[in-house]
Amino acid sequence: MADAVRVRFAPSPTGHLHIGGARTALFNYLFARHNNGSFILRIEDTDRTRSTEEYIGSILEGMRWLNLDWDEGPYRQTDRFDIYQRYAQNLLKEGKAYPCYCSPEELEQRRQEALAQGKSPKYDGRCRNLNSPPPDRKPAIRFMMPQEGEIIVDDLIHGKVVFDNAQLDDLIIMRSDGTPTYNFTVVVDDVDMNITHVIRGDDHLNNTPKQIHIYQSLGYELPSFGHLPMILGSDKARLSKRHGATSVIAYRDMGYLSEALVNYLVRLGWSYGDQEVFTIDELIRYFSFEHIGKSAAVFNPEKLLWLNSQYIMKSTPGELVDLVMPFLIKEPIINEGQISDRVWLSKAISTLQERSRTLVELAQSLTYYIADEIEYNVKAKEKFLNEKYLANLTEVKASLETVDTFVAAEIEKVFTSASQKLETKLGNIAQPVRVAVTGKTESPGIFEVLEILGKEKTLNRLARAIHVITMKS
RNA sequence: GGUCCCAUCGUCUAGAGGCCUAGGACGUGGCCCUCUCAAGGCCGUAACACGGGUUCGAAUCCCGUUGGGACUACCA
């Protein structure tokens with residue numbers, strides 16, 4: 001099993017788990033599972049000023065919600081400083097890295113000058129062969145990049161990409177405060193953790209040649225690289241807060257199912273013929289790099305919403321009871337601890353499944369089933385709770401009072417005969433009743449609604465509606 | 001500025017030289033169903049960025065142009 005697949009997702013805890021990161025994690029996960037390999041989670045928190053514990057927690061929460069279970073970790077780079085230190089000292093000893101005494105301020109100034117003159121803001125290598133180091137400064141450590149020749153990145157998605165070594169900078173691998181930097185820690189960790197495939201965003205393609213040189217200096221074999229295309233906002237700019245919600249947790253709170261988000265994310269850049277909806281097992285089975293596109297994808301909330309509605313329809317009412325419960329409590333439509341009858345709630349939910357695109361919508365629609373009193377939508381009330389429909393409501397109420405088995409089929413009979421007796425279309429009876437019991441002009445089939453509501457609530461609401469009309473006139 | 005990546009309907013994509021008068025999905029328009037709203041069904045709408053090659057033949061291969069993106073930090 002020496003060549004067992006080992007991949008990793010390595011987020012930086014400088015923000016919540018966002019859409020782009022989640023997709024990178026997902027592709028790593030699918031690749032690992034497809035190959036019976038290992039999926040490793042590593043927190044890249046070497047930037048101590050921007051990393052927070054809160055974000056680490058949030059990222060893990062997002063990963064768990066998406067069901068992207070990892071096999072190892074989370075490792076934290078801040079726990080591994082001694083390892084980087086050791087590798088850096090070795091490079092120093094072997095003359096493959098050197099101390100640099102330039103201060104950040106000096107460096108920044110030279111950068112600006114170079115930029116102003118239209119030159120490349122590359123480090124000039126002035127500390128490469130320093131004879132007399134300034135005594136009072138703590139140096140950073142720079143990696144000695146080859147200055148000529150070219151290097152080829154053989155990418156799983158992009159194929160061979162050629163870079164000119166002269167273009168590469170002597171990058172800092174250890175800061176003057178002794179902490180390591182990104183391009184160094186990734187390599188050390190990927191070596192140390194036996195990562196076989198580095199699957200990450202396109203934005204890292206330019207870093208790859210530098211990292212390859214570090215691998216080679218360290219004397220290690222290269223992993224395979226695969227650079228995923230980016231996710232863009234509607235204006236084709238990199239996806240950010242400006243485009244609306246970007247954190248995975250925000251989608252959970254907006255009532256999306258994690259399976260729907262996963263399904264949506266995977267289709268951003270990956271395809272399997274014409275198939276749009278996949279189970280996670282199918283994704284694992286079908287996943288392959290051959291079907292990953294090269295171009296960036298625009299995040300489209302409309303399609304995500306559609307997928308979510310598909311998943312809500314596919315779910316069983318029983319599953320939805322559990323999923324919608326937190327939203328019912330949050331609204332609040334029911335009080336925490338107030339245990340509703342699950343069977344009854346399932347039945348109510350089953351009427352709403354194909355009418356709810358999110359769990360939030362589902363919870364809100366459930367209100368008129370659960371609440372003691374409903375609120376009338378102003379327009380609905382004006383249009384249907386008036387003199388014109390009074391006789392219809394009164395007739396239906398009177399007939400319903402005589403129904404013993406209060407089920408949809410029996411209720412329908414009442415409506416049909418009322419329609420004949422009053423010589424009016426069914427709609428002229430159903431709509432005012434609908435407003436009377438739900439407060440709105442849209443709802444599931446009225447017979448079903450009344451059955452679920454039960455005889456008592458139905459009659460009470462009809463009575464109230466009749467009362468409202470009578471008072472008005 | 002330099003380096004690198006990318007380029008099919010508004011959006012996600014199928015397409016690996018002839019199967020393409022370019023297919024599917026979201027959206028959107030119309031119709032059907034119908035107690036409302038949905039769901040569902042049917043029918044539309046809409047794309048190979050541009051210019052050169054290569055080839056009997058190009059959305060597919062090559063070059064250039066244009067456009068977009070990424071990187072260019074003692075961030076990751």
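Chain A is the first sequence line, chain B the second, and so forth, proteins listed ahead of strands; every chain is numbered from 1.
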Candidate nucleotides [options], ranked by approach to the side chain of [X] - the nearest:
| X | options | answer |
| --- | --- | --- |
| Ser295(A) | G24(B), C6(B), C71(B) | C6(B) |
| Lys294(A) | C12(B), U3(B), C6(B) | C6(B) |
| Pro121(A) | A73(B), G24(B), A70(B) | A73(B) |
| Val298(A) | U11(B), C6(B), U36(B) | U11(B) |
| Thr181(A) | U72(B), A76(B), G69(B) | A76(B) |
| Gln431(A) | C74(B), C35(B), C5(B) | C35(B) |
| Glu44(A) | A76(B), G69(B), A25(B) | A76(B) |
| Asp203(A) | A39(B), C74(B), C71(B) | C71(B) |
| Glu276(A) | C74(B), G24(B), U3(B) | G24(B) |
| Ser271(A) | A14(B), C35(B), A39(B) | A14(B) |

Would one find a side-chain N or O of [X] under 4.0 angstrom from OP1 or OP2 of [N]?
| X | N | value |
| --- | --- | --- |
| His204(A) | C71(B) | no |
| Ser120(A) | G1(B) | no |
| Arg267(A) | U13(B) | no |
| Gln310(A) | G40(B) | yes |
| Arg48(A) | A76(B) | no |
| Lys236(A) | U11(B) | yes |

Answer with base, sugar-phosphate or nothing: what part of the nucleic acid does [X] contact at a heavy-atom distance below 4.0 Å?
| X | result |
| --- | --- |
| Asn183(A) | base |
| Ile141(A) | nothing |
| Phe163(A) | sugar-phosphate |
| Pro11(A) | nothing |
| Met313(A) | sugar-phosphate |
| Asn207(A) | base |
| Val162(A) | sugar-phosphate |
| Thr46(A) | sugar-phosphate |
| Leu205(A) | sugar-phosphate |
| Cys102(A) | base |

Residue pair Gln109(A) / Glu113(A), side-chain donor-acceptor N/O under 3.5 Å
yes
Pair Asn207(A), Tyr182(A): side-chain N/O donor-acceptor within cut-off below 3.5 Å:
no
Taking the nucleotide of RNA chain B with the closest heavy atom to each, which residue, Leu115(A) or Arg434(A), is nearer the 5' end?
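Whichever sits nearer the 5' end wins; that is Leu115(A).
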Atom [atom1] of [X] and atom [atom2] of [N]: how far apart are they, to the nearest Å?
| X | N | atom1 | atom2 | value |
| --- | --- | --- | --- | --- |
| Gln77(A) | A76(B) | CD | P | 8 Å |
| Glu442(A) | C37(B) | CD | P | 8 Å |
| Trp306(A) | A38(B) | CH2 | P | 18 Å |
| Glu150(A) | C4(B) | CD | P | 10 Å |
| Lys160(A) | C5(B) | NZ | P | 14 Å |
| Ile446(A) | A38(B) | CD1 | P | 16 Å |
| Arg200(A) | C5(B) | CZ | P | 16 Å |
| Leu232(A) | A7(B) | CG | C1' | 12 Å |

[N] pairs with, by Watson-Crick or G-U criteria that keep both distances under 3.5 Å:
| N | answer |
| --- | --- |
| G44(B) | U28(B) |
| G57(B) | none |
| A14(B) | none |
| G51(B) | C63(B) |
| A70(B) | U3(B) |
| U21(B) | none |

Whether Tyr389(A) and Phe384(A) hold their rings parallel, tilted or perpendicular, with breakpoints at 30° and 60°
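Taking Phe384(A) first and then Tyr389(A), their aromatic rings sit tilted (interplane angle of 30° to 60°).
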To the nearest 0.5 Å, what is the distance between [atom1] ([X]) and [atom2] ([Y])?
| X | Y | atom1 | atom2 | result |
| --- | --- | --- | --- | --- |
| Leu107(A) | Arg126(A) | CG | CZ | 8.5 Å |
| Thr394(A) | Ile469(A) | OG1 | CD1 | 7.5 Å |
| Asp154(A) | Ile212(A) | CG | CD1 | 9.0 Å |

When you compare [N] with [M], how far apart are their [atom1] atoms, in angstrom units rounded to a whole number?
| N | M | atom1 | value |
| --- | --- | --- | --- |
| C19(B) | G2(B) | C1' | 45 Å |
| C9(B) | G51(B) | P | 16 Å |
| G24(B) | U3(B) | P | 43 Å |

Lys/Arg-Asp/Glu bridge criterion (N-O < 4.0 Å) met for Arg111(A), Glu108(A)
yes
Less than 4.5 Å apart, side chain to side chain, heavy atoms only: is that true for Phe27(A) and Phe287(A)?
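Yes; the side chains approach each other to less than 4.5 Å.
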Verify, without hydrogens or angle tests, whether Thr438(A) (side chain) and Arg434(A) (backbone) share a donor-acceptor contact under 3.5 angstrom.
yes
